[in-house]
2 protein chains.
Amino acid sequence: MLRVDTIDHRIISCLVSNARSSYAEIGAAVGLSAPAVKRRVDRLLDTGVLQGFTAVVDPEALGWGTEAFVEVHCRGNVAPGEIKANLEPLPEVVAAYTVSGAADAIVHLRASDIHHLETALERLRSVEIIDRTVSTVVLSRLLERPPAPDQQA
Amino acid sequence: MLRVDTIDHRIISCLVSNARSSYAEIGAAVGLSAPAVKRRVDRLLDTGVLQGFTAVVDPEALGWGTEAFVEVHCRGNVAPGEIKANLEPLPEVVAAYTVSGAADAIVHLRASDIHHLETALERLRSVEIIDRTVSTVVLSRLLERPPAPDQQA
DNA sequence: CTTGAAAAAACGCGAGC
DNA sequence: GCTCGCGTTTTTTCAAG
């Protein structure tokens, strides 16, 4: 059902590096005609391998210069779904994961400045199921990139 | 130079939610003609506010089901640029940040499975400037989304 | 400086093979 | 998976606010 061959990988690579390239351009890069590329892309979208296309925005330019990673410790045992439901309404939460180790979850926060970050942290800490948080403020973004096309997979 | 008004924000929102939408579609959403939208998008690309367009890929589908966050502690004082240069060659590193607190950096790793993750961690620890690492393995992805259009910015 | 309208050129998308 | 053809879109040029 979700078979992804070498050509699909190359098509995905093209789209990751430029989501607005035309089917003809992709076809030229992978050695297929434009309609053939479109059919594969449609299939990849159907099967969920491709989840969509988005613009990469400079966070600084829109006033999202400050970010932090927050270890979240919950009260007692909480289901992942419950944590997700509680984090979803907070707009500063750009990512969240349940993790191994002492913490229950890691939350990635993005805010416009330190003050906004503080506000977001207060709101996060006021969430019922959350007991305690440990914040790590990001000083500089060193690297941020899509996963490599593939490798030893 | 990098003035971004309300219409630009709405155009960016459209492109973030679907990078492949046509200029006519965007124009209809923001109340501009297609050429006017294109000019603004070109300008946003020129000024670096928009950095490009990419496909959102399901990590599972390409064999990137396992990820981890790693606190990196360096030997002595190391410049951010040096850390970046040392991390860039490692394909499993999808993001890295210098941070406040005890650690020097947080590295986001993505691997195909636990074994691959272990290999990647070994390679990471073998980097000269790195003294010690503390790994946190991700159990489940709760949330992952682009920053909200904007807010109290 | 920005917009809207109209031109040619390129692209998307279905049918047929 | 490829070719063909029609309708739509993009993109450039031009004139106006």
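Quick note on labels: first sequence line is chain A, next is B, and so on, each numbered from 1.
Ile26(A) places its CD1 atom 12 Å from the P atom of dC13(C), with the value rounded to the nearest Å. Between the CG atom of Asp42(B) and the C1' atom of dT2(C) there is a distance of 14 Å, rounded to whole Å. Rounded to a whole Å, the CG atom of Leu32(B) is 18 Å from the P atom of dC1(C). As a whole-Å value, the separation of Leu45(B) CG from dT10(D) C1' is 15 Å. Atoms CZ (Arg43(B)) and P (dT2(C)) sit 6 Å apart, rounded to a whole Å.
Among dG4(C), dG12(C), dT11(D), the nucleotide with an atom closest to any side-chain atom of Lys38(B) is dT11(D). The side chain of Ala24(B) sits closest to dT10(D) out of dG14(C), dT10(D), dG4(C). When distances run from any side-chain atom of Ser22(B) to the nucleotides dG1(D), dT3(C), dT10(D), the shortest one goes to dT10(D).
Annotation: of the two residues near DNA chain D, Arg20(A) and Pro35(A), the 5′-most nearest-nucleotide partner is Pro35(A).
The shortest distance between the side-chain N/O atoms of Arg39(B) and the OP1/OP2 oxygens of dG4(C) is not below 4.0 Å. Considering only side-chain N and O atoms, Arg40(A) lies under 4.0 angstrom from the phosphate OP1 or OP2 of dG1(D). Of the side-chain N and O atoms in Tyr23(B), one or more sit less than 4.0 angstrom from OP1 or OP2 of dT11(D).
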Acceptor/donor pairs from residues 75-91 of chain A side chains to any protein atom, 3.5 angstrom cut, sequence neighbours excluded:
residue	atom	partner	partner atom	Å
Arg75(A)	NE	Glu128(A)	O	3.0
Arg75(A)	NH2	Ile130(A)	O	3.4
Asn86(A)	ND2	Glu82(A)	O	2.7

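For the C1' atoms, the distance from dA8(C) to dA16(D) is 22 Å, rounded to whole Å.
Inspection of the His116(B) and Glu92(B) side chains reveals an N or O donor paired with an N or O acceptor under 3.5 Å.
Aromatic ring pairs are classed by plane angle as parallel below 30°, tilted from 30° to 60° and perpendicular above 60°; the pair Tyr97(A) and His108(B) is perpendicular.
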CA sep, side-chain torsions, deciding dist, call: Arg43(A), Asp8(A), salt bridge (charged side-chain N to carboxylate O under 4.0 Å, His left out): CA-CA 10 Å; Arg43(A) 187 174 55 82; Asp8(A) 289 327; 3.0 Å; yes
